[in-house]
Amino acid sequence: MPEGHTLHRLARLHQRRYAGAPVRVSSPQGRFAAEAAELDGRPMLGAEAYGKHLFHNYGPAGTVHVHLGLYGVFTEVALPVVPPAGQVRMRLAGRTHWTDLRGPTRCELLSEAEADAIKARLGPDPLRRDAQPQRAWERISRSRTVLAALLMDQSVLAGVGNVYRAEVLFRQGIAPLLPGRALDSVVWKAVWDDLVTLMRAGVRTGRIDTVADEHLPEVTGRAPRQDRHGGEVYVYRRTGQPCLVCGTPIAQTELAGRNLYWCPTCQPA
DNA sequence: GATCTATGTAGAT
DNA sequence: TCTACCTAGATCG
């Protein structure tokens with residue numbers, strides 16, 4: 001279930017489990033077999049996330065680039081390994097644990113230059129210390145595109161997905177269809193800072209929770225809604241349900257093929 | 001058991 | 001703007 005926080009959690013986990021020692025690499029499904037054979041038994045130097053992209057660095061042997069897409073998932077279990085079940089694109093086995101990757105949209109072996117090129121085309125990632133938010137602002141403040149689309153554009157901001165987009169716009173009281181260049185720079189600063197706060201919390205907990213304590217359903221008495229993703233949210237997938245702040249039914253529309261959710265009262269046009 | 005839907009992206013049109 | 005990718009859980013019947 002991949003927005004940026006998920007990938008940063010995985011990078012942190014893989015760094016701890018597999019970096020600094022030889023790793024057994026295989027591709028039971030076969031689609032990564034040649035690359036796996038190339039890497040098998042080599043030490044992983046490090047794991048890092050950039051936006052929704054995950055990189056396993058094997059030094060001169062190359063860098064594995066993983067993008068989970070909609071369906072991709074890593075599972076991890078303590079040794080010993082068991083025979084693969086289903087379609088396992090990549091299997092890693094380390095000193096104590098092994099992990100299977102299924103259903104990624106990308107799993108490929110790249111040169112360092114190719115990995116750098118992917119990072120270079122991404123916007124600043126609120127979860128990275130080296131992020132430069134002004135790079136995003138330069139794009140947003142000149143754009144006629146609506147904010148809801150800009151926030152999902154990975155070349156503008158890296159790591160923000162449909163949930164964080166909807167929730168940060170709600171929390172900052174911004175109409176999702178506001179053009180980027182109509183956004184006030186002070187409000188932009190608040191959006192960025194809020195993304196940093198929310199996404200860091202997501203890395204800590206592995207969930208997306210965005211609702212302030214005073215708005216929690218058990219406090220306000222408004223209908224509780226535990227979403228499938230496991231967190232407590234204001235608007236994401238709450239179409240027609242009462243806003244946790246004002247009670248107005250949450251609105252939904254489709255934008256660029258993705259569902260967009262907002263409160264018409266708290267986020268007036 | 002069949003069908004629908006999804007926290008995503010690239011490439012074709 | 002559309003489709004393909006290709007997985008699993010929820011929902012339908």
Side-chain angles (χ1 to χ4, degrees), chain A residues 1-11 27-32 49-55 64-76 84-91 99-108 110 114-115 117-123 125-127 145-146 148-171 176 194-195 198-211 225-241 250 252-262:
Chain A
M1 300 71 164
E3 295 202 21
H5 68 302
T6 303
L7 280 299
H8 280 264
R9 273 176 79 83
L10 285 167
S27 179
Q29 171 207 52
R31 287 181 57 182
F32 190 61
Y50 203 124
K52 299 170 190 168
H53 300 254
L54 176 66
F55 299 93
V64 176
H65 168 230
V66 174
H67 196 295
L68 295 177
L70 261 181
Y71 321 122
V73 63
F74 277 100
T75 54
E76 195 198 58
Q87 301 284 77
V88 177
R89 182 78 60 90
M90 178 173 72
R91 169 172 286 192
T99 186
D100 278 349
L101 169 64
R102 296 164 205 274
T105 202
R106 277 276 189 281
C107 174
E108 57 191 352
L110 303 179
E114 290 168 325
I118 290 175
K119 297 172 191 173
R121 66 165 201 247
L122 294 171
D125 175 352
L127 286 173
T145 304
V146 298
L150 289 167
L151 293 182
M152 293 274 285
D153 183 337
Q154 300 298 298
S155 70
V156 175
L157 280 174
V160 176
N162 207 4
V163 184
Y164 283 126
R165 153 177 86 170
E167 295 300 307
V168 78
L169 287 172
F170 176 88
R171 284 166 55 99
D194 206 23
L195 284 171
L198 290 174
M199 294 175 75
R200 280 187 183 166
V203 174
R204 271 199 308 280
T205 63
R207 318 174 0 144
I208 300 181
D209 289 290
T210 61
V211 180
R225 169 75 159 79
Q226 188 75 9
D227 190 79
R228 193 183 295 171
H229 66 70
E232 196 74 60
V233 294
Y234 283 107
V235 294
Y236 176 71
R237 280 171 63 98
R238 293 192 66 244
T239 311
Q241 297 181 44
I250 298 304
Q252 174 194 343
T253 190
E254 202 175 297
L255 180 71
R258 308 299 301 279
N259 286 321
L260 171 66
Y261 308 87
W262 78 102

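So that the names make sense, note that chain A is the first sequence line, chain B the second, and so on, each numbered from 1.
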Visitor: For C:dA8 and B:dA10, measure between their C1' atoms and round to the nearest Å.
Guide: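 My reading of the C1' atoms in C:dA8 and B:dA10 gives 23 Å.
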Visitor: Distance check needed: C:dA8 P versus A:Arg102 CZ, whole Å only.
Guide: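 About 6 Å, once rounded to whole Å.
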Visitor: Going by heavy atoms in the side chains, are A:Arg237 and A:Ile250 under 4.5 Å from each other?
Guide: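 No; the side chains remain at least 4.5 Å from each other.
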Visitor: What does B:dA12 pair with, Watson-Crick or G-U, if both distances are under 3.5 Å?
Guide: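 By the stated definition (distances under 3.5 Å), C:dT1 pairs with B:dA12.
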Visitor: Can you list everything that forms a side-chain hydrogen bond (donor to acceptor under 3.5 Å, both in side chains) with A:His65? Sequence neighbours excluded, please.
Guide: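 side-chain hydrogen bond (donor to acceptor under 3.5 Å, both in side chains) list for A:His65, sorted by chain: A:His53, A:Glu108.
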Visitor: How long is the line joining CG of A:Leu54 and P of B:dG8, in whole Å?
Guide: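 The distance from CG of A:Leu54 to P of B:dG8 comes to 16 Å, rounded to the nearest Å.
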Visitor: Show the distances under 3.5 angstrom between N or O atoms of the protein and N or O atoms of nucleotides 9-13 of chain B.
Guide:
from, atom 1, to, atom 2, distance (Å)
B:dT9, OP1, A:His67, NE2, 3.4
B:dT9, OP2, A:Lys52, NZ, 3.2
B:dA10, OP1, A:Arg121, NH2, 2.7

Visitor: Taking CG from A:Asp100 and C1' from C:dA8, how many angstroms apart are they, rounded to a whole number?
Guide: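 Whole-Å distance recorded here is 16 Å.
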Visitor: Any non-hydrogen side-chain atom of A:Tyr236 less than 4.5 Å from a side-chain atom of A:Glu167?
Guide: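 Counting from C-beta outward, A:Tyr236 and A:Glu167 do come under 4.5 Å.
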Visitor: Can you tell me how far P in B:dC4 sits from the matching atom in C:dT3, rounded to whole Å?
Guide: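 The same atom, P, in both gives a distance of 15 Å.
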Visitor: Is a side-chain donor or acceptor of A:Arg171 paired with a backbone partner of A:Thr210 at a separation under 3.5 angstrom?
Guide: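 Present.
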Visitor: With no hydrogens and no angle check, do the side chains of A:Gln87 and A:Arg102 hold a donor and an acceptor under 3.5 Å apart?
Guide: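 No, because no side-chain N or O of A:Gln87 sits under 3.5 Å from a partner of the opposite role on A:Arg102.
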Visitor: Atom CE of A:Met199 to atom P of B:dT7: distance rounded to whole Å?
Guide: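 The answer, rounded to whole Å, is 15 Å.
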Visitor: Does A:Gly161 offer a backbone N or O that forms a donor-acceptor pair with the side chain of A:Glu3 under 3.5 Å?
Guide: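 Looks like yes, one N/O pair under 3.5 Å.
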Visitor: Whether A:Asn259 contacts B:dA6 is assessed here as follows: a side-chain N or O lying under 4.0 Å from the phosphate OP1 or OP2. Is that the case?
Guide: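 Yes, A:Asn259 has a side-chain N/O under 4.0 Å of OP1/OP2 on B:dA6.
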Visitor: Quickly work out the A:Gln252 CD to B:dT7 P distance and round it to whole Å.
Guide: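 Computing the A:Gln252:CD to B:dT7:P distance gives 10 Å.
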Visitor: Over how many whole Å does the gap from A:Tyr71 atom OH to C:dA8 atom C1' extend?
Guide: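 After rounding, the reported distance stands at 10 Å.
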Visitor: Who are the side-chain hydrogen bond (donor to acceptor under 3.5 Å, both in side chains) partners of A:Tyr164, not counting sequence neighbours?
Guide: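 If we apply the side-chain hydrogen bond (donor to acceptor under 3.5 Å, both in side chains) test to A:Tyr164, skipping adjacent residues, there are no hits.
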Visitor: Whole Å only: how far is the CG atom of A:Leu255 from the P atom of B:dG8?
Guide: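 Value for this atom pair: 13 Å.
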Visitor: Could you let me know what B:dA6 is paired to, Watson-Crick or G-U wobble, both distances under 3.5 Å, or none if it's on its own?
Guide: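 Check on B:dA6: paired to C:dT7, both distances under 3.5 Å.
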Visitor: Roughly how far apart, to the nearest Å, are B:dT13 and C:dC5 at atom P?
Guide: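 The answer is 14 Å between these two P atoms.
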Visitor: Without decimals, in angstroms, what is the distance between A:Glu3 CD and B:dG8 C1'?
Guide: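 In whole Å, B:dG8 C1' lies 10 Å from A:Glu3 CD.
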Visitor: Answer with base, sugar-phosphate or nothing: what part of the nucleic acid does A:Arg31 contact at a heavy-atom distance below 4.0 Å?
Guide: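 Here A:Arg31 touches the backbone only, sparing every base.
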